[in-house]
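Some notes on the structure that comes next.
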Amino acid sequence: MSEPSQSYERIYRVVRRIPRGRVATYGQVALLADLGGHARQVGYALHALRPETALPWHRVLNAQGRISARSQPGADRLQRQLLEGEGVPFDERDRIDLTRYRWKPRARRT
DNA sequence: TTTATGGCTGTCA
DNA sequence: ATGACAGCCATAA
């Protein structure tokens, strides 16, 4: 495939695997996407994804278990709302207990 | 081609 | 425990 941005697709693929009621960090997704721990690109990929792309971006948090402020206003609030709707409670500080809600994917790849 | 960002992370105080 | 600084790399102009 001559996909110019195949890297993004990998990220999307990983994010899509995140089960409902569970969350993952950018770093984690990056690792699973073979990006080698470069979480930033994950954030950019999600930032660059199109609205018609049904992707559970709201299940992706930063390493602190909190929602990062993105370009779109109110989007962080929406993310929180979506997560709460999936059964992921937030702390007083808007944080999620990653030790409990962190998605534990299996080692894939051959 | 180079330059400038950026939905982060890890370390230090 | 939180707050602040620098670094890595890919994408977009």
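Keep in mind that this is a model prediction, so the values were computed, not measured. Numbered from 1 within each chain, the chains take letters A, B, ... in sequence-line order.
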Using side chain to side chain contact (heavy atoms under 4.5 Å, CB included) as the criterion, list what pairs up with R70(A), not counting sequence neighbours.
-> W57(A), I67(A), A75(A), D76(A), Q79(A)

Hey, what do you get for CZ (R100(A)) to CG (D97(A)), rounding to the nearest 0.5 Å?
-> 6.0 Å

Determine yes or no for a side-chain-to-main-chain donor-acceptor pair under 3.5 angstrom, with Q28(A) supplying the side chain and W103(A) the backbone.
-> yes

In B/S/- notation (B base, S sugar-phosphate only, - none; protein heavy atoms under 4.0 Å), nucleotides 7-13 of chain B written 5' to 3' is BBS----

Same apolar cluster: L78(A) and Y26(A), side chain cutoff 4.5 Å = yes

Residues passing the salt bridge (charged side-chain N to carboxylate O under 4.0 Å, His left out) test with D94(A), sequence neighbours excluded, are R80(A)

Trace of the side-chain hydrogen bond (donor to acceptor under 3.5 Å, both in side chains) decision for H58(A) with Q81(A) = CA-CA 9 Å; H58(A) 56 264; Q81(A) 189 176 9; over 6 Å; no

I11(A) has an atom CD1; how far is it from atom C1' of dC9(C), in whole Å?
-> 11 Å

Heavy atom of residues 93-100 of chain A under 4.0 Å from DNA chain C: which residues?
-> R93(A), R95(A)

Salt bridge E86(A)-R22(A), side-chain N to carboxylate O under 4.0 Å = no

Secondary-structure string, 5' to 3', Watson-Crick or G-U under 3.5 Å, | for another-strand partners, for DNA chain B = .|||||.||||||

Distance in angstrom units between L31(A) CG and dC8(C) P, rounded = 18 Å

Single-linkage hydrophobic cluster, 4.5 Å side-chain cutoff, L98(A) and F90(A) together | yes

Given the rule that I, L, V, M, F, W and Y join up when any side-chain heavy atoms are under 4.5 Å apart, are L32(A) and V60(A) in one cluster?
-> yes

Can you name the side chain to side chain contact (heavy atoms under 4.5 Å, CB included) partners of L55(A), sequence neighbours left out?
-> Y12(A), V15(A), R16(A), L46(A), L49(A), T53(A)

